[in-house]
Amino acid sequence: MELVPQGRCRWLLPRQGQMRVPGVVFATRSLLPAAVGDRSLDQVVNVACLPGIVDASYAMPDVHWGYGFPIGGVAATDIEDEGVVSPGGVGFDISCGVRLLVSQIHRNDLCGELGELMNALGRMIPRGTGPGGVLPRCSADELDDILVAGAAHLVARGMGTPDDLKRCESGGTMPGAGPEKVSTRARERGARQVGSLGSGNHFAEVQAVDQVLDPATAEAFGLRTGSVCVLVHCGSRGLGHQVCTDYVRLMDTAMHRYGIHVPDRQLACVPVPSAEGESYLAAMAAAANYGMANRQALTHAIREAFAAAGLGELVLLYDVSHNLAKIETHPVDSHLRTLCVHRKGATRAFPPHHPELPADLAPYGQPVLVPGSMGTASYVLVGVEASPAFHSACHGAGRVLSRHAAARHIPIEKLRSEMAAAGILVRGASTRGLVEEAPESYKDVDEVVRACHEAGLAKPVARLVPLGVVKG
DNA sequence: ATGTGC
C-alpha cells in the first residue's frame with residue numbers, strides 16, 4: 001500500500017479505484033507498521049468509497065482493525081449530497097466512552113487507604129458480561145426516561161448533580177433519541193445493566209496525575225501533580241450492541257434499494273435523510289443516552305465508595321464518547337456543510353470557544369480523555385483550533401495483539417508480578433481478561449499521544465498513572 | 001465490544 005509522507009505525523013493514501021476521497025493516517029513512523037500489518041488501512045481505503053464522504057477517510061494514531069470501519073477511524077458525509085450513515089462507522093459499543101472524576105486529595109494522603117478503597121470499589125462496581133447493575137432492574141418507563149434523557153435522568157433521581165451534566169458531552173442528553181426505534185430485544189438486554197462496566201478493556205481506575213504538561217489548562221481542569229482521579233471507561237452494554245446488530249441487518253438489505261454499493265458488506269449504510277437512516281440515528285442517540293446514564297450510575301457508586309472511605313468529593317471533569325455519529329457543521333473546501341461525522345474509536349476534540357462547551361471550560365477547549373491500557377498511563381488532552389479530521393483525536397493506546405494472540409503469548413505469572421511490582425492493585429479481573437488486556441497487547445500510549453500532538457489533533461494537558469484498577 | 005455463534 002502506497003503511503004505518501006505529508007508533513008509531521010501525516011501520511012496520505014492516494015485515491016485509487018472506487019475511492020471518492022483519499023485516506024489520511026496520523027502516525028509517527030514507528031506506529032505505522034502496526035497499522036499496515038493488521039489490514040486496518042485497507043479499511044481506511046474502503047471507507048473512502050462511501051457515498052457522500054468528504055475531505056478524507058481518516059485514521060487516528062491508535063488505528064486498528066475493526067468491523068467494517070477501522071477502530072480509530074473518522075469519516076464525515078455530507079447529508080445534503082448523498083451522505084450516508086453506517087452503523088459500522090459507530091461500532092457495536094455505541095457511545096462507549098470515558099469520564100474523569102477529580103478528587104481534592106493528593107496521592108500521598110491515600111497510601112494507607114488505597115487497599116480499602118479498592119476493596120470498596122470492587123464490591124460496589126458491577127462488572128463482567130451478563131446482567132447486573134447499580135440500578136438492579138429498570139421498569140419500561142424508567143428505561144424510556146434513560147433512553148430519552150441519558151445522564152440527566154439519573155441526576156433527576158438523585159444520582160449526581162446538575163454540575164455533572166454541564167460536564168457531559170451534549171449536557172448528558174443526546175438530542176433526537178427515539179426509544180421506539182430500539183428493539184424489544186435491545187431493551188430487554190439493557191433493562192438489567194444500567195450502571196455496569198461490562199468486560200474487555202472497560203474499567204474504573206484510581207489514578208494520580210503524574211505530569212502536568214499544560215499548567216494553565218491543567219489548573220482550569222482541577223488537575224495538579226499528585227491529584228487523585230478516577231477514570232471510568234464503559235459503554236452501552238448489551239443494549240447498544242443489539243441496536244448495532246439490528247441496524248446492520250436492516251441496512252444490509254435496505255441499501256440496495258438506494259442503489260448503494262460498498263466494497264465490504266460490513267460497511268452497510270443508507271442515506272442520512274432516509275427512513276432507515278433516521279431510525280438508526282434515533283436508536284443510536286437512545287443508546288448514547290444509555291451509555292452516559294451508565295457512566296453516571298457508576299459515578300454514583302464510586303462517589304459512595306469514596307465517601308465511605310472518608311476521601312471526600314469527586315468532581316466530574318468531562319464525559320465524552322469515542323463511538324458515535326453526530327450531525328455537525330464543518331467547513332469543507334471553505335464552505336460550511338452539515339455533516340454526519342462518524343467517530344469510531346476516536347474522540348471528539350472541540351477547540352476553545354466552541355458553543356457546545358460549558359462556559360468555564362470554553363476558554364481552554366474540550367477535555368479529550370485518553371485511557372491507556374491496563375497498568376500504563378492515561379492522558380487528558382484538550383481540543384485545539386485548526387485541528388484536521390473534523391476536530392477528532394485518538395481514543396486510547398490501540399490494540400496490537402488480538403485477544404487470542406495475547407492469551408497465547410503472555411504468561412500470566414509475569415503480568416501479575418509486573419502489576420504487583422508497580423504497586424498497582426487489581427480487583428475483579430479474570431486471569432484470561434487480565435492477559436487479554438496486558439500492556440503488551442497495546443501500542444505505547446505515550447507514542448500515540450505524541451502523534452496526536454504533532455499532527456495537530458489535540459494538545460496534551462496531563463499524564464495520569466494507575467494506582468488501582470477494577471477490571472470489567 | 002457482546003447473554004464471546006445463527
Side-chain angles (χ1 to χ4, degrees), chain A residues 38 40 43 62-73 86-98 126-133 136-138 143 182-204 232-250 252-253 265-266 268 283-284 287-288 290-292 294-295 298 320-325 342-347 371 373-374 395-408 429-437 441-442 470-472:
Chain A
D38 74 354
S40 58
Q43 297 188 313
D62 52 332
V63 68
H64 57 284
W65 185 88
Y67 179 90
F69 286 58
I71 296 160
S86 173
V90 172
F92 276 84
D93 194 1
I94 295 167
S95 185
C96 181
V98 193
R127 58 188 179 273
T129 56
R137 184 189 209 95
C138 276
L143 187 60
V182 176
S183 67
T184 304
R185 196 171 178 193
R187 295 174 63 105
E188 284 170 356
R189 292 179 68 175
R192 292 183 297 170
Q193 296 182 320
V194 179
S196 63
L197 282 180
S199 65
N201 72 342
H202 289 167
F203 60 75
V232 181
H233 178 204
C234 63
S236 54
R237 306 293 332 273
L239 184 139
H241 192 279
Q242 189 65 47
V243 167
C244 183
T245 302
D246 292 341
Y247 282 90
V248 164
R249 194 167 299 162
L250 179 74
D252 185 56
T253 55
R265 275 180 75 177
Q266 295 183 354
M284 183 209 71
Y290 184 96
M292 286 191 285
N294 189 26
R295 292 189 286 275
L298 286 166
V320 65
S321 167
H322 46 236
N323 279 7
L324 272 186
H342 301 73
R343 295 187 183 89
K344 178 184 187 180
T347 311
S373 54
M374 184 178 60
H395 86 305
R399 198 169 260 289
V400 281
L401 283 184
S402 69
R403 294 180 183 285
H404 188 67
R408 266 188 306 166
S430 67
T431 295
R432 172 77 185 221
L434 206 58
V435 168
E436 287 179 353
E437 298 305 319
S441 303
Y442 286 85
V470 179
K471 287 296 298 175

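Predicted model only: the values in this text are computed from it and were never measured. In the text below, chain A, chain B and the rest are named by the order of the sequence lines, each starting its count at 1.
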For A/H342, all residues meeting ring-ring contact (aromatic ring centres under 6.0 Å, His included), sequence neighbours excluded: A/F69
Between A/R237 and A/S196: side-chain donor-acceptor atoms closer than 3.5 Å: yes
Whole-Å gap separating P (B/dG5) and CD (A/Q242): 15 Å
Sugar-phosphate, base or nothing in reach of A/E188, heavy atoms under 4.0 Å: nothing
Separation of atom CG in A/D246 from atom P in B/dC6, rounded to whole Å: 12 Å
Parallel, tilted or perpendicular: ring planes of A/H241 versus A/F92, cut at 30 and 60 degrees: tilted
Distance-only polar pair, side chains of A/N323 and A/S321, donor-acceptor under 3.5 Å: no
Spacing between A/H404 atom NE2 and B/dG5 atom C1', to the nearest angstrom: 16 Å
B/dT2 OP1/OP2 closer than 4.0 Å to side-chain N/O of A/T245: no
Separation of atom CZ in A/R127 from atom C1' in B/dT2, rounded to whole Å: 18 Å
Members of residues 233-241 of chain A that approach DNA chain B, where some heavy atom sits under 4.0 Å away: A/R237, A/G238, A/H241
Whole-Å gap separating C1' (B/dT2) and CG (A/N323): 13 Å
Rounded interatomic separation in angstrom, taking CZ from A/R249 and P from B/dC6: 8 Å
Gap between atoms NE2 and P, on A/H202 and B/dT2 respectively (whole Å): 6 Å
Check: A/Y442/A/E437 side-chain N/O donor and acceptor closer than 3.5 Å: yes
Main-chain N/O of A/L401 paired with A/R399 side-chain donor or acceptor, under 3.5 Å: yes
Between B/dT2 (C1') and A/R185 (CZ): distance, integer Å: 11 Å
